[in-house]
Structures are given as C-alpha cells and as structure tokens.
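Just so you know, ligand 1 is whichever comes first in the structure, and atom 1 is the first atom listed for that ligand. Computed over heavy atoms, backbone and side chain alike; hydrogens, waters and symmetry mates excluded.
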Amino acid sequence: MQRIIVIFGPPGAGKGTQAKFLSDKFNIPQISTGDILREAVKKGTSLGAQAQSYMSRGALVPDEVMVGIVEERIKDKDCSNGFILDGFPRTIAQTEKLEKLLQKRGTPLTQVINLKISDKEIIKRLTSRRVCRSCNAIYNLLVNPPKVKGKCDVCGGELYQRDDDKEEVVKKRLKIYADETTPVLNFYSKRKLLKELDGSRSINEVQGAVLAIFQLLLTQ
Ligand code: AMP
C-alpha cells in the first residue's frame with residue numbers, strides 16, 4: 001500500500017520537521033512546496049521569478065502554478081511507494097485538484113495530520129527560526145540553536161532568516177492561513193481523514209504522537 005500523507009498546519013507549526021521525520025521513517029519523499037519554490041528562487045528559474053514576489057510578501061502563489069508543480073513531482077520514480085506533502089494543499093482549489101490527481105493515480109490519501117498551535121507561539125517560533133542555505137535544515141534560536149552561531153550543524157552551511165519570517169510578514173501569513181487554508185481542514189474532517197495534534201509541544205513529543213497515529217493505522 002502506498003502511503004500518501006499530508007502534514008498540515010499554520011506556518012511555523014513544525015510541518016517541515018515532522019514531514020522529514022516521517023520521510024526518513026517510511027523511506028518515502030517529503031514534498032515541500034515551499035522548499036521547491038525557494039530552490040527555484042535561488043536558481044533564478046522562471047518559476048522562481050514568478051513566485052518570489054508572492055513569497056516575500058507572505059501571499060500564496062497562484063493555484064495553477066502550485067498544482068502544476070505537485071502534479072509533475074509526484075510522477076517521479078521516488079514517489080512510487082507514496083510521499084509526504086508538506087505545505088500543500090493550502091486552498092480548497094488545490095485540495096480538490098489533489099483529489100483528482102490521486103484518483104487518476106489510483107492511490108487515495110492515507111492520512112492528514114494537523115499540527116495545532118496558537119498565533120502567539122507561531123510568532124515567537126518563526127521570528128527565531130533560521131534555515132541552512134545549503135541543506136534546508138531548520139534551527140530555532142530559542143529551543144534548537146546550532147552548535148556554532150550562524151552555521152549549520154549538518155553541513156556547515158550559512159544560516160539565514162527567511163524574509164517571510166519577519167514579524168509583519170508572519171502576521172500577514174497567519175491571516176491568509178485563517179482565511180484560505182483553514183477551510184481545507186473541514187474538507188478532510190468530513191472525509192474522516194484528519195487527525196489533530198498539539199504542535200506546541202517539543203519536537204520529540206510531537207514525533208511520538210505522529211508515530212502513534214501510524215501505529216494505530218497499521219493495526220486497523
Ligand atoms: P512554506 O515554506 O510552506 O511556509 O511556504 C513558503 C511560501 O511559499 C508561502 O508563504 C507561499 O508564498 C508559497 N507556497 C508554498 N506552498 C504553497 C501552496 N501550496 N500554495 C500557494 N503558495 C505556496
């Protein structure tokens with residue numbers, strides 16, 4: 001059985017960290033639409049040029065662009081045993097399109113995990129988040145700082161603050177999340193695909209809770 005998992009939650013809830021954990025555990029790729037866009041911006045591709053103005057002001061990149069990216073990515077060979085979506089779908093239009101793509105593929109969604117966390121905690125987390133320019137490893141200056149200031153523990157790359165992690169932009173992203181992305185939760189809740197977790201706990205605690213969901217699934 002292919003595992004098709006969506007990790008859902010507001011910016012800063014820990015989607016990337018938990019998606020990476022599950023990706024290692026199940027040996028299926030993590031598809032982070034945010035990472036794909038940032039990579040395109042870094043490489044200066046036409047996708048990057050198109051996406052940058054939306055990203056830097058905390059707005060969503062248009063649905064057609066995002067759906068096209070995911071549609072192509074899930075055709076890759078490494079997705080043949082399933083994949084973990086991190087940061088997609090983010091609107092009802094993307095959600096409906098994903099359903100169609102999965103139907104066509106004959107592989108229904110296994111599980112959606114929503115990481116819940118308060119706006120206050122998100123602002124604290126995101127403004128102290130730093131990311132490695134080379135390998136995308138994520139740090140938090142308050143709870144998970146790098147061993148050497150400004151350098152990645154994994155690859156020694158330079159750590160930076162994303163433009164969209166600055167406080168004014170974070171507030172804008174939260175508003176967009178509330179308006180455009182939370183309706184997706186209702187969609188999955190109605191389909192009984194949604195499990196909600198408290199994302200404000202430590203990384204290890206959330207990992208434990210995520211694993212418990214899959215153990216439960218395996219015994220059903
Ligand atoms: P993330 O790293 O998931 O927080 O994504 C960073 C930014 O990339 C978002 O604020 C959006 O501008 C853009 N982005 C990523 N995924 C999507 C998506 N599924 N739909 C629209 N925009 C997206």
Side-chain angles (χ1 to χ4, degrees), residues 4-23 29-43 45-74 83-102 109 112-115 117 119 121-123 125-133 135-140 159-185 187-188 199:
I4 317 264
I5 300 165
V6 170
I7 303 283
F8 203 87
K15 296 189 294 293
T17 306
Q18 297 304 327
K20 165 105 182 45
F21 169 70
L22 280 178
S23 161
Q30 166 192 7
I31 302 179
S32 158
T33 45
D35 280 351
I36 293 173
L37 294 174
R38 278 184 290 278
E39 201 54 37
V41 170
K42 199 157 83 180
K43 286 191 181 142
T45 65
S46 63
L47 168 66
Q50 206 184 346
Q52 190 168 24
S53 67
Y54 295 97
M55 295 173 79
S56 59
R57 59 192 155 89
L60 293 182
V61 173
D63 289 332
E64 319 80 74
V65 177
M66 298 315 302
V67 166
I69 291 174
V70 171
E71 185 169 10
E72 285 311 304
R73 178 64 184 88
I74 65 178
F83 47 85
I84 299 160
L85 289 169
D86 152 17
F88 183 95
R90 256 174 154 106
T91 62
I92 286 290
Q94 291 179 16
T95 310
E96 287 171 347
K97 190 66 200 204
L98 177 64
E99 282 244 303
K100 292 216 176 85
L101 289 178
L102 293 179
L109 203 51
V112 179
I113 296 178
N114 180 33
L115 302 174
I117 178 167
D119 284 5
E121 178 68 22
I122 289 170
I123 291 170
R125 275 191 186 184
L126 286 187
T127 50
S128 54
R129 174 161 76 178
R130 297 294 181 272
V131 184
C132 173
R133 251 187 226 292
C135 74
N136 297 322
I138 300 165
Y139 296 86
N140 182 291
L159 302 186
Y160 76 106
Q161 181 178 37
R162 285 168 42 175
D163 283 343
D164 59 351
D165 280 348
K166 310 218 159 108
E167 188 162 342
E168 329 73 73
V169 187
V170 170
K171 287 187 173 151
K172 171 117 191 274
R173 289 164 73 197
L174 286 174
K175 165 101 178 67
I176 291 177
Y177 182 81
D179 293 347
E180 300 197 40
T181 309
T182 49
V184 175
L185 286 176
F187 182 100
Y188 287 132

Quiz item: Who passes salt bridge (charged side-chain N to carboxylate O under 4.0 Å, His left out) against Arg133, sequence neighbours left out?
Solution: Glu158

Self-check item: Pair listing, side chain to side chain donor-acceptor pair (under 3.5 Å) test, anchored in residues 8-21, at least two apart
Solution: Lys20-Asp24

Practice problem: Applying side chain to side chain contact (heavy atoms under 4.5 Å, CB included) between Gln94 and each of Ile92, Leu98, Thr91, report the one that passes. | Solution: Thr91

Practice problem: Taking side-chain hydrogen bond (donor to acceptor under 3.5 Å, both in side chains) as the test, write out the residues that go with Arg73, two or more places apart. | Solution: Asp76, Asp78

Quiz prompt | Residues Phe83, Ile74; criterion side chain to side chain contact (heavy atoms under 4.5 Å, CB included); working and verdict | solution = CA-CA 8 Å; Phe83 47 85; Ile74 65 178; 3.6 Å; yes

With the criterion set at N/O pairs under 3.5 Å, what does the list of contacts between the protein and ligand 1 look like, atom names and distances included?
| residue | atom | partner | partner atom | Å |
| --- | --- | --- | --- | --- |
| ligand 1 | 2 (O) | Arg38 | NH1 | 3.0 |
| ligand 1 | 2 (O) | Arg38 | NH2 | 2.9 |
| ligand 1 | 2 (O) | Arg162 | NH1 | 3.4 |
| ligand 1 | 2 (O) | Arg162 | NH2 | 3.3 |
| ligand 1 | 3 (O) | Arg90 | NH1 | 3.0 |
| ligand 1 | 3 (O) | Arg90 | NH2 | 3.2 |
| ligand 1 | 4 (O) | Arg90 | NH2 | 3.2 |
| ligand 1 | 4 (O) | Arg162 | NH2 | 3.2 |
| ligand 1 | 4 (O) | Arg173 | NH2 | 3.1 |
| ligand 1 | 12 (O) | Ala59 | O | 2.6 |
| ligand 1 | 16 (N) | Thr33 | OG1 | 2.8 |
| ligand 1 | 16 (N) | Gly87 | O | 3.4 |
| ligand 1 | 16 (N) | Arg90 | NH1 | 3.1 |
| ligand 1 | 19 (N) | Gly87 | O | 2.9 |
| ligand 1 | 19 (N) | Gln94 | OE1 | 3.0 |
| ligand 1 | 20 (N) | Gln94 | NE2 | 2.9 |
| ligand 1 | 22 (N) | Val61 | N | 3.0 |

Practice problem: Using modelled atom types only, decide if a donor and an acceptor are shared between the side chain of Gln161 and the backbone of Thr127 within a distance under 3.5 Å. | Solution: yes

